[in-house]
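These numbers come from the heavy atoms of this one structure, side chains and all, not from hydrogens, waters or symmetry mates. Throughout, a chain's letter reflects where its sequence line sits, starting with A, and its residues are numbered from 1.
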Amino acid sequence: MAKEYLLSYDYTVKNAIIYNEKLLISPAMTKCKGKPTGKPLLLPYDANSDKNDFRSVVTKHFDRFFAYLATLGFAIHERSTTQNFQNTSTAHLEFPTTCFKVDFNDSFVTITAIKQGEKR
Amino acid sequence: MKYLLLFASLLSLELFAADAPKNDACAPQNCTTTQQNTAKTTAKDSASMQTIETSVDESQNEHIVLKPNRAVIISVVGQGVAPTNTTSPAQAYALAKRAAIADGYRLIAEKLRGVEVEGQDLIKNMMVERSTVRTAVYALVKQANVVETNFRDGLCEVEMEIRLSYDSLPH
């Protein structure tokens, strides 16, 4: 039985140094509306391990998951100010809250993003 | 001799007609020729305008780079610095890479979407007291890939690229 999770990810970079990073994962309280979009991501996991929830799998293979999020799209919002020839910049990279269908199999997890329709 | 005189008179008439556009007061016959001349010139002008317009259209077509069966790859290099208060080199590398990726996304967004620029100068007593330039970028970037990562002396450089193709756009 596949489970559904809501996930959002964002971080802020200030003057080329990362400021904070936030990954929020929550089980979906209601069934997500929409259709699976894009290719699914397969991540390995140990079925015998105690920690076999979605969060632990994602944090363990975060580089691959980050690349998967990049295919879905990041929103970049950057502002910079140059005052008297001194530059300061703040960039905010955000992955908007998206529903994922997560299917735990024998030794791997199938993660598929669900694209919602016009209504969000 | 008669023919010579007739030719001379015709020549003088033509010369007068050629000079006629410069004069405001002109004979009705000459005015009609002038109007014809101006009509010809406007026709020539319109023809030249058409050629200009077509050349502009052609140049505009040259600017359209996305064509079927032809992809455009935009490549950027983002830079990020590791924070000073890291507990390990691995953490420094990871954090610097995150910052570099955000910078790479910004550069891609700048190329694809453009930059909003606002400038302000405060001049007091004929001297620049404060000069401020604000820039802002906002975009949603999909399918950007990290191609190469270099980490040296606390600076992380990430080469990112995005492939744009006509076929991938919604039609």
Hey, could you give me the [atom1]/[atom2] distance between [X] and [Y], rounded to the nearest 0.5 Å?
{"X": "A/H77", "Y": "B/L140", "atom1": "NE2", "atom2": "CG", "answer": "13.0 Å"}
{"X": "B/R134", "Y": "A/T88", "atom1": "CZ", "atom2": "OG1", "answer": "9.5 Å"}
{"X": "B/K142", "Y": "A/L72", "atom1": "NZ", "atom2": "CG", "answer": "8.0 Å"}
{"X": "B/R130", "Y": "A/Q83", "atom1": "CZ", "atom2": "CD", "answer": "6.0 Å"}

Counting C-beta onward and ignoring hydrogens, is there a side-chain heavy-atom pair between [X] and [Y] closer than 4.5 Å?
{"X": "B/T132", "Y": "A/T81", "result": "yes"}
{"X": "B/Y105", "Y": "A/L93", "result": "yes"}
{"X": "A/Y11", "Y": "B/I101", "result": "yes"}

If you group Ile, Leu, Val, Met, Phe, Trp and Tyr by side-chain heavy-atom gaps below 4.5 Å, do [X] and [Y] land in one group?
{"X": "B/L107", "Y": "B/V137", "answer": "no"}
{"X": "A/V57", "Y": "A/L23", "answer": "yes"}
{"X": "B/V146", "Y": "B/F151", "answer": "no"}
{"X": "A/F100", "Y": "A/L24", "answer": "no"}
{"X": "B/Y93", "Y": "B/V158", "answer": "no"}

- Message: Counting only non-hydrogen atoms closer than 4.5 Å, does B/E129 touch chain A with its backbone (N, CA, C, O), its side chain (CB onward), both, or neither?
- Response: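 B/E129 touches chain A through backbone heavy atoms alone.
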Between [X] and chain B, which part of the residue has a heavy atom less than 4.5 Å away: side chain, backbone, both or neither?
{"X": "A/F62", "result": "side chain"}
{"X": "A/A70", "result": "both"}
{"X": "A/F66", "result": "side chain"}
{"X": "A/E21", "result": "side chain"}

- Just wondering, are more than 12 heavy atoms of other shown residues or ligands nearer than 6.0 Å to CG in B/D121? yes
- Message: Heavy-atom count check: over 12 atoms from other residues, nucleotides or ligands less than 6.0 Å from B/E116 CD?
- Response: no
- Of all of B/A136, B/G80, B/A139, which one pairs up most often with chain A through heavy atoms under 4.5 Å apart?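 With the most close heavy-atom pairs to chain A, the winner is B/A139.
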- Message: For chain B, which candidate among A/G73, A/A75, A/S80, A/A16 shows the most heavy-atom pairs at distances under 4.5 Å?
- Response: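 Result: the option with the highest number of such pairs is A/S80.
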- Among A/T90, A/V13, A/L69, A/T71, which has the most heavy-atom pairs under 4.5 Å with chain B?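 Heavy-atom pair counts peak at A/T71.
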- Which heavy-atom pair separates B/P83 from A/I17 by the least distance, and what is that distance?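 Looking at all heavy atoms of both residues, the shortest contact is CG-CG2, 3.7 Å.
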- Please name the pair of heavy atoms, one in A/I76 and one in B/A102, separated by the smallest distance, quoted to 0.1 Å.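 For A/I76 versus B/A102, the nearest heavy atoms are CD1-O, 3.6 Å.
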